[in-house]
Amino acid sequence: MANVLTDLAADIYKAADVVGRELVGFIPAVTVNANGSERVAKGDVVRASFTRAASVVDVSESMTIPEGTDQTVDNKTLTISKTRAVQIPYTGEDVRHLNNGIGFETVYGDQIAQAMRALVNEIEADVASEAYTNASRAFGTAGTTPFGSNFSEVAEIRQILADNGMPMNDGQASIVLNTVAGTNLRQLAQLQKANEAGGTDLLRQGVLLDLQGLMMRESAQVQSHTKGTGASILVNGALAAGDTSVDADGGSGTILAGDVVTFNGDTNKYVVNTALSGGAFAIGGPGLRSALADNAAITVGNSYTANVAFHRRALELAIRPLAEPPSSLASDTMTVSDAASGLTFTVSVYPGYHKSMIEVSVAWGVKAWKPDFIATLMG
């Protein structure tokens, strides 16, 4: 079985361009931490450092240099949480039957492409889920697809991110929509008119153009969130602007990660990052926009579709080849890049008794580093 993959590489890449694929919008928009030579095991961590807000002091003239203000640098980790594979067994009879028909190479290439398709869709869904459950705030009406008559929602979601301090002019911010919202956007007359849109790309090719500093993307894995059952729950103790941890009491039911909550006296829609447990839940940074009084009523919003706007550095996808023992049973191994997502997968052949198994594998983990730079556009 040696060098089987090298001989069939052309068929693998050719098939990758033929097999149907779902839209991928989240993966190209996040920071992808990929290293094809560094193998990992499930549970391994990727570390990152984050600085806290700076303290400003009065300048006092002196002949002695001041000590300065001590600063704490936080250490955060991303865990490789999944090691997944698609495994394709073949016997000699299988190969013979295929070669008597359409050909083993053709079918084999399609199977590899389908394997990458399945893995990419799962990775894309993980990134989408991590994004919306770690957002700061939300805008829109749950159950109503945005862009029904105009694209004012883009300006609203942009304002949330701008108010949170997200860099707005570096070309690294995106909004990822489901295809229903994308269709609404394409149907807006002001975007189809060349003199108003500044070009004919949308009208002729259906390409979504950047709007107000946000790259417009679509994904088949935009998540649908089902609300928690919380009712008549109150704030337990007064809260200050900037707080992210909310103590709660009274009422009944659940408040889940991804729920959009509002507080009596505050019109902002906050996204729950950590579910209600032990009498408390957490909302995304930078936290409350205004102080809340004790016993302020908490309302859990309705279920919604989670279109998400975010900065590239707010989310990271770490992806690596799986760890192998020194004496791996694989007779041949190669890496294959997926044209649709840009991700790289490991393809291996494992020989057996009158049989072999082809495996497409990858290990990954996802982390939302900065909820401040993530906002949900509900649909």
Point to revise | Members sharing Met168's hydrophobic cluster (side chains within less than 4.5 Å) | key: Leu161, Met166, Phe373

Review point. Are any non-hydrogen side-chain atoms of Asn33 and Arg320 less than 4.5 angstrom apart?
Key: yes

Check your understanding: Under 4.5 Å between any side-chain heavy atoms of Val120 and Ile27, yes or no?
Key -> yes

Point to revise | Positive for side chain to side chain contact (heavy atoms under 4.5 Å, CB included) with Leu315, one of Val30, Thr31, Val32 | key: Val30

Revision key, fill the gap. On a heavy-atom basis, the closest approach of Ile374 and Ala131 is CG2-O, 3.5 Å

Exercise for review: Output yes when a side-chain donor or acceptor of Gln223 lies under 3.5 Å from a complementary backbone atom of Gln221, and no otherwise.
Suggested key: yes

Review point. Where do Gly237 and Asp294 come nearest, in terms of heavy atoms and distance?
Key: N-OD1, 2.7 Å

Review point. Ring pair (Phe, Tyr, Trp, His ring centres under 6.0 Å) with Tyr270: which residues, sequence neighbours excluded?
Key: Phe263

Check your understanding: Residues in side-chain hydrogen bond (donor to acceptor under 3.5 Å, both in side chains) with Thr305, at least two apart?
Key -> none

**Study point:** Of all pairs that satisfy salt bridge (charged side-chain N to carboxylate O under 4.0 Å, His left out), the ones with a partner from residues 245-270, not counting sequence neighbours
**Key:** none

Exercise for review: State whether Arg21 and Asp338 are salt-bridged, where the test is any N-O pair (Lys NZ or Arg NE/NH1/NH2 against Asp/Glu carboxylate O) under 4.0 Å.
Suggested key: yes

Review point. Between Arg312 and Asp170, is the closest basic N to carboxylate O distance under 4.0 Å?
Key: no

Exercise for review: State, to 0.1 Å, how close Ser356 and Val349 come at their nearest heavy-atom pair, and which atoms those are.
Suggested key: CB-CG1, 4.5 Å

Exercise for review: Without swapping roles, check the side chain of Asp372 against the backbone of Gly165 for a donor-acceptor pair under 3.5 Å.
Suggested key: no

**Study point:** Gly258 backbone acceptor or donor facing Asn273 side chain under 3.5 Å
**Key:** no

Review point. Thr254: what forms a side-chain hydrogen bond (donor to acceptor under 3.5 Å, both in side chains) with it, not counting sequence neighbours?
Key: Thr229

Exercise for review: Might you point out which heavy atoms bring Ala29 and Gly25 nearest each other, and give the distance in Å?
Suggested key: CB-O, 3.6 Å

Give every donor-acceptor pair under 3.5 Å between a side-chain atom in residues 151-159 and any protein atom, sequence neighbours left out.
unit_1	atom_1	unit_2	atom_2	d
Ser152	OG	Asn150	OD1	2.7
Glu153	OE2	Phe147	N	3.1
Arg158	NE	Gln212	O	3.1

**Study point:** Ser136-Asn164 side chain donor-acceptor pair, cut-off 3.5 Å
**Key:** yes

Exercise for review: Could you list the residues that satisfy ring pair (Phe, Tyr, Trp, His ring centres under 6.0 Å) with His225, not counting sequence neighbours?
Suggested key: Tyr132, Tyr304

Point to revise | side-chain hydrogen bond (donor to acceptor under 3.5 Å, both in side chains) partners for Arg217, two or more places apart | key: Ser174

Check your understanding: Donor-acceptor pair, Thr376 side chain versus Met378 backbone, under 3.5 Å?
Key -> no

Revision key, fill the gap. CG of Leu119 to OG of Ser361, rounded to nearest 0.5 Å, is 8.5 Å

Check your understanding: Distance only, no hydrogens: is a donor on one side chain within 3.5 Å (strictly under) of an acceptor on the other, for Thr335 and Thr346?
Key -> no

Check your understanding: Only one of Ser219, Ser341, Ser129 clears side-chain hydrogen bond (donor to acceptor under 3.5 Å, both in side chains) with Glu124; which?
Key -> Ser219

Practice item. Not counting sequence neighbours, which residues clear side-chain hydrogen bond (donor to acceptor under 3.5 Å, both in side chains) with Lys82? List them please. Key: Glu122, Asp126

Exercise for review: Give every residue pair that meets the ring pair (Phe, Tyr, Trp, His ring centres under 6.0 Å) criterion with at least one member in residues 110-129, sequence neighbours excluded.
Suggested key: none

Check your understanding: Just checking, is any N or O donor in the side chain of Ser337 or Thr344 under 3.5 Å from an acceptor N or O on the other one?
Key -> yes

Point to revise | Ser55 versus Thr69, closest heavy-atom pair with distance | key: CB-CG2, 4.3 Å

Point to revise | Any pair counted as side chain to side chain donor-acceptor pair (under 3.5 Å), so long as it reaches residues 233-246, sequence neighbours left out | key: none

Review point. For Leu234, which fellow cluster members are found when Ile, Leu, Val, Met, Phe, Trp and Tyr are connected by side-chain heavy-atom distances below 4.5 angstrom, either directly or through intermediates?
Key: none

